[in-house]
2 protein chains.
Amino acid sequence: MSTDTKRIKIPRPGKPVRGSRTGQPIMVLFDLLGRRWAMGIIWNLHNTPCTFRALQERCDSISPTVLNARLKELRASNLVTTCDKGYCLTGEGEKLYTCLEPLGAWAKGWSKDL
Amino acid sequence: MSTDTKRIKIPRPGKPVRGSRTGQPIMVLFDLLGRRWAMGIIWNLHNTPCTFRALQERCDSISPTVLNARLKELRASNLVTTCDKGYCLTGEGEKLYTCLEPLGAWAKGWSKDL
DNA sequence: ACTTAATGCTATTAAAAATGTAGCAATATG
DNA sequence: CATATTGCTACATTTTTAATAGCATTAAGT
C-alpha cells in the first residue's frame with residue numbers, strides 16, 4: 001500500500017489538466033472521474049471498505065493494473081484512503097458520493113425509456 | 001448531423017457493458033459518462049445550445065474525432081439532440097445536468113483543501 | 001519451523017481509445 | 001460566383017485500458 005505517485009498524472013485544481021487549461025475545479029473533477037472505473041470504485045466503496053481483491057471482484061473483475069492506477073489517483077486526490085478493512089472512502093469521498101447518489105435513481109428512470 | 005450509430009458501442013441498460021455484466025443502470029451510466037469529455041460536454045451544453053465548432057472551443061479545443069464520438073453516444077442515449085441552434089441537451093439531458101450540478105460546488109470546496 | 005493461503009501489487013503484451021492535424025463536402029453569405 | 005462557416009472524416013501517433021501471469025509479503029494452520 002504505497003503512496004507512490006511517481007509517473008502518474010493526477011489532475012490538480014488550478015493547473016491545466018486534460019480538458020481544461022484553466023484548471024476549473026469542475027473540469028479537474030471531470031478529468032478525474034472521467035476515467036475508466038473511477039466513479040464505479042467510489043460507488044462500490046461507499047460505506048463498505050474492502051480489500052484490493054474484494055474491490056476488484058465488486059468492480060466486475062477490473063484488471064489490477066487499472067484498479068491500482070485509479071486507487072493511486074483517488075488517494076492522491078484525497079477521496080480514498082486505507083483503513084483496517086483495506087480501502088475506504090475518506091470524508092471528502094463520502095461527500096462526493098452523496099453528490100453522485102442521485103444518479104442512481106435518475107439512471108433507473110432513464111433506462112426505462114431508452 | 002447524421003444519426004449514424006454504426007460501429008460505435010453504446011452502453012445499454014440491461015445489457016452487459018464495459019464495467020458491468022449485469023447492466024445495472026448506474027453502471028451503464030458510469031460507462032457512458034466515464035468516457036473522456038462526456039460530462040464536460042453535458043456541462044457545457046447546459047442551457048446553451050451551440051454549433052459543433054463552438055462546442056469544440058468551449059470544450060477546450062477537444063479533437064473533432066472525440067467530440068463526434070461523444071455526441072453520437074449521447075444522442076443515441078437520448079441526452080443530446082439537435083435544434084435550430086445546433087446541439088443541445090434533451091429534457092432528459094437537462095435532468096441529468098441537475099444531478100451533476102452539485103458537483104460544481106463540491107469541486108470548489110475540494111480544490112481548496114487539495 | 002514449514003506449508004498454505006490470502007493480499008497487494010508489478011510486468012508484460014495486446015487491444016482499444018484519445019489526440020492532433022489536415023482537409024473535404026455541403027450550405028450559407030457577400 | 002467567391003468566400004466563409006459548418007459538420008464532420010481520414011490518418012498517424014500517443015495514451016489508456018485490458019488480460020494474464022506471477023512475485024513478495026504477511027497471516028494463519030499443523
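Just so it is clear: chains get the letters A, B, ... in the order the sequence lines come, proteins before strands, and each one is counted from 1. All values below were derived from every heavy atom in this structure, side-chain atoms included, with hydrogens, water molecules and symmetry-related copies excluded.
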Can you check whether A:H46's main-chain N or O pairs, donor with acceptor, with A:E94's side chain at less than 3.5 Å? no
Protein and nucleotides 19-22 of chain D: nitrogen or oxygen contacts under 3.5 angstrom:
{"from": "D:dA19", "atom 1": "N6", "to": "A:T65", "atom 2": "OG1", "distance (Å)": "2.7"}

Does B:R36 have a side-chain nitrogen or oxygen under 4.0 Å from the phosphate oxygens OP1 or OP2 of D:dT15? no
If only side-chain N and O atoms of A:T51 are considered, is one of them under 4.0 Å from the OP1 or OP2 phosphate oxygen of C:dA6? no
Starting from P on C:dT19, measure out to CZ on B:R70 and report it in whole angstrom. 8 Å
Identify the heavy atoms of A:E73 and A:L32 that sit nearest to each other, and give their distance. CB-CD1, 4.1 Å
Can you check the B:K72 NZ to C:dA17 C1' distance for me, whole Å? 15 Å
State, without any angle test, whether A:T48 and A:R58 hold a side-chain donor-acceptor pair at a distance under 3.5 Å. yes
Between B:T90 and B:N78 (side chain of the first, backbone of the second, donor and acceptor by atom type, cut-off under 3.5 Å), is there such a pair? yes
So does B:N68 get a side-chain nitrogen or oxygen closer than 4.0 Å to the phosphate oxygens (OP1/OP2) of D:dT9? yes
Round to a whole Å and report the spacing from CG of B:L67 to P of C:dT19. 11 Å
Look at the side chain of B:Q56 and the backbone N and O of B:I62, then say whether any donor-acceptor pair between them is shorter than 3.5 Å. yes
So does B:R36 get a backbone contact from the side chain of B:R70, meaning a donor-acceptor N/O pair under 3.5 Å? yes
Please tell me if B:R35 has a side-chain N or O lying less than 4.0 Å from either OP1 or OP2 of D:dT16. no
A:F52 CZ to D:dT25 P, straight-line distance once rounded to whole Å: 17 Å
Euclidean distance, atom CG of residue B:D84 to atom C1' of C:dA28 [Å, nearest integer]: 16 Å
Using whole Å, report how far CG of A:L55 lies from P of C:dA6. 18 Å
Check: A:N44 side chain, A:G40 main-chain N or O, donor-acceptor pair, under 3.5 Å: yes
In this structure, how many angstroms lie between the P atom of C:dA18 and the CG atom of B:L71, rounded? 13 Å
Atom pair distance, as rounded to whole Å: CH2 in B:W37 and P in D:dT15: 19 Å
